[in-house]
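Remarks on the structure that follows.
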Amino acid sequence: MADMDEQQGRRGGGPPMWWRHGPPWWNRWEDEERAPRRPWRSTALITAFVVAGSHFAAQGQDDRAALDLFARALLLVASGLLLWRRQYPVAVAFGSAVAATVYLGAGYPYGPVFVAVAAACFNAIVTGHRRAAWAAVGVFWAGHALVAHWLYRWLPPSGDSAASWTQEGVIAAWVAAIMAVSELARTRREQWARERAERAQAARRRADEERLRIARELHDVLAHSISVINVQAGVGLALLDTDPEQARTALTTIKAKSKEALGEVRQVLDTLRTPGDAPRTPAPGLDRLPELVRQAASAGLTVEVEGEPPRLSPGTDLAAFRIVQEALTNVVRHSGSRHARVLLEHGDGTTLRLRIDDDGPATGAEAGGSGNGLAGMRERAAALGGTIEAGPRADGGFRVLAVLPLTASAATKEDR
C-alpha cells in the first residue's frame, strides 16, 4: 500500500508522500520534543536573526527610538524564551508576546521581533494549547493597537503620531496568516500522528497474526508427530523382549517420523530467519493424505478416505491438510476407537467439506482433542472464511466438520 501511494505521488495522481504521512524530519522533531534536551540550536538561530535583523531594520527608521541596552535585552528575552518552549509552551507564548509588546511600546524600530512571537505561538498551537496561543496573540495585537492609537502621546519617541489603520490592517493580516498556518500545521500533525498509530497497530496486528500462524504450524506438526512417536515407543517397549523384530519396526517408524518432524519444524523456523524468501520445500496439502493414512496405521489407527480433493490454492490446501492431521491426531490421543473415516465433498463447486469421524468412546476428559488443537483448526478455517464444527455425535464417537471455500473471500484477500 505504501509503495502504491508513493508511485501515485510521483506520477502526480495525488498529494505527495510527505503531505500524507509527514515529512521525514517531522518525526525527528517530535522525538526531540519528547527528549529532555532543550532546543539550543534553533533558539540560537532565531535569536541571532531577531537581533541582527532588528539592527538592520533600525537603520531605515530614524523616527523610532534608537536601540539601546534595554531594547537588546527585550529582544533577547522575546527570542531567548524559546529555549523553554517544549516544557512551558503557554508561558513562553505569553512571555514572548509581552516582551515584544513592551519593545514596540517603548518606541523601538519595527523588525523581526515578530518572528519570536510567531515561533512561540506556532509551538503552542501545534502542541495543543490553542486558546493560550490565540490569547497571547490577542494580547500582543491589542497592546500594539493601544500604543499605536492612544498611548503614543505619552510614550517615546517624542513627537510620534498615531499609526495608520492601514498599517494595523497589514499587521492583523500577518497575524491571521501566521495563526492560520499554525492551525493547519496542528491539524496535519494530529492526522500524521493518527496515521502513524494506525500503521503501528497494523504492524503489530500482522506480527501477532504471523506468531499465531507459526504457533499453529508448530502445534500441528509436533502434536501429530509426537503422538505417533509416543504410540510407537509404547509398542516398542511392550514387544522388546517378546517380538524384537516388531520392536525394531516401531523404532524405525520413530526414527523416520522424528526426522520428518524436524524437517517440518526447520521449514517453519526458516520463515522467521529469512522472511519473504521462498520456502525450500512446498507446503503440505491434501495430496499427502495417503501419507497421513500410513502414519495413522503405524499408530494403530485404520483410516478410510472417501472422495477426491479438488484443486485448491496453497493456503486452503495447507489448512485442509492440517485440519485432517489434527483431527486424526486427536483420535489417536483421545479416542478408544481404532477406526476413523475421512470424507471429502465439493459437489457445489464453491466449498470443500471435510468430515472426520471416529466411533469412540473417549478415553479422557478431552475427548475431542486439546483446546489448542481445536482453536487452531477454527483459526485456520476462519482465516479463509470457513467454519469448523466439532463435538460428540448422537450415536457415540466424535465428529469434526470443516467447511472451507474453494476460493478466498474478498474480505480475506483485502486483509492480506
Side-chain angles (χ1 to χ4, degrees), residues 33 38-40 42-58 61 64-158 160 162-163 165 167-183 185-186:
E33 279 189 325
R38 291 193 174 94
W40 292 96
S42 58
T43 302
L45 290 175
I46 294 175
T47 302
F49 175 76
V50 168
V51 173
S54 296
H55 278 277
F56 179 78
Q61 302 182 48
R64 304 292 291 178
L67 292 176
D68 55 13
L69 185 60
F70 183 61
R72 294 185 178 91
L74 289 173
L75 292 175
L76 290 175
V77 169
S79 54
L81 284 175
L82 296 174
L83 193 61
W84 291 274
R85 66 182 183 270
R86 294 174 185 167
Q87 290 84 2
Y88 312 104
V90 175
V92 169
F94 277 101
S96 294
V98 170
T101 302
V102 173
Y103 173 87
L104 295 177
Y108 295 118
Y110 291 97
V113 68
F114 298 103
V115 174
V117 180
C121 292
F122 177 89
N123 176 77
I125 287 179
V126 297
T127 53
H129 304 280
R130 301 177 59 202
R131 293 183 178 179
W134 281 96
V137 169
V139 167
F140 173 69
W141 187 81
H144 175 267
L146 189 65
V147 169
H149 295 280
W150 184 41
L151 297 180
Y152 70 92
R153 301 181 181 89
W154 302 281
L155 295 176
S158 59
D160 194 11
W165 285 106
Q167 180 181 353
E168 288 301 316
V170 171
I171 295 175
W174 274 106
V175 169
I178 292 171
M179 300 304 286
V181 171
S182 302
E183 290 288 352
R186 179 191 60 82

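On a predicted model such as this, the values are computed, not experimentally measured, just so you know.
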Does any N or O in the side chain of Arg64 come within less than 3.5 Å of the main-chain N or O of Tyr108, such that one atom is a donor and the other an acceptor? yes
With side chain to side chain contact (heavy atoms under 4.5 Å, CB included) as the criterion, how do Arg38 and Gln87 come out once you've worked through the C-alpha distance, each side chain's angles and the decisive distance to 0.1 Å? CA-CA 9 Å; Arg38 291 193 174 94; Gln87 290 84 2; 4.2 Å; yes
Tell me, do Val51 and Arg72 make a side-chain contact under 4.5 Å, heavy atoms counted? no
Would you name the heavy atoms of Pro112 and Val50 that are closest together and state the gap between them? O-CG2, 3.4 Å
Pairwise side-chain contact, Val102 with Phe70, heavy-atom cut-off 4.5 Å (strictly under): yes
For Arg131, is the CZ atom crowded, meaning more than 12 foreign heavy atoms sit under 6.0 Å from it? no
Side chains of Ser79 and Ser96: closer than 4.5 Å at any heavy-atom pair? no
Heavy-atom pair of closest approach, residues Ala100 and Val113: CB-CG2, 3.9 Å
Indicate the atoms forming the closest heavy-atom contact of Gly143 with Thr101, along with that distance. CA-CG2, 3.9 Å
When rounded to the nearest 0.5 Å, the distance separating CZ of Phe122 from OG1 of Thr127 is 10.0 Å
Thr43 side-chain N/O to Gly80 backbone N/O, donor-acceptor pair under 3.5 Å: no
For Gln61 against Pro109, the heavy-atom pair lying closest together: OE1-CA, 3.5 Å
On a heavy-atom basis, the closest approach of Ala120 and Ala93 is CB-CA, 3.8 Å
Side chains of His129 and Cys121 in contact at under 4.5 Å (non-hydrogen atoms): no
Stepwise side chain to side chain contact (heavy atoms under 4.5 Å, CB included) check, Tyr103 with Leu67: CA-CA 10 Å; Tyr103 173 87; Leu67 292 176; 3.5 Å; yes
For the pair Phe114 and Leu104, evaluate side chain to side chain contact (heavy atoms under 4.5 Å, CB included) and give the outcome as yes or no after the intermediate values. CA-CA 10 Å; Phe114 298 103; Leu104 295 177; 4.0 Å; yes
I need the Leu82 CG to Thr47 OG1 distance, nearest 0.5 Å. 6.5 Å
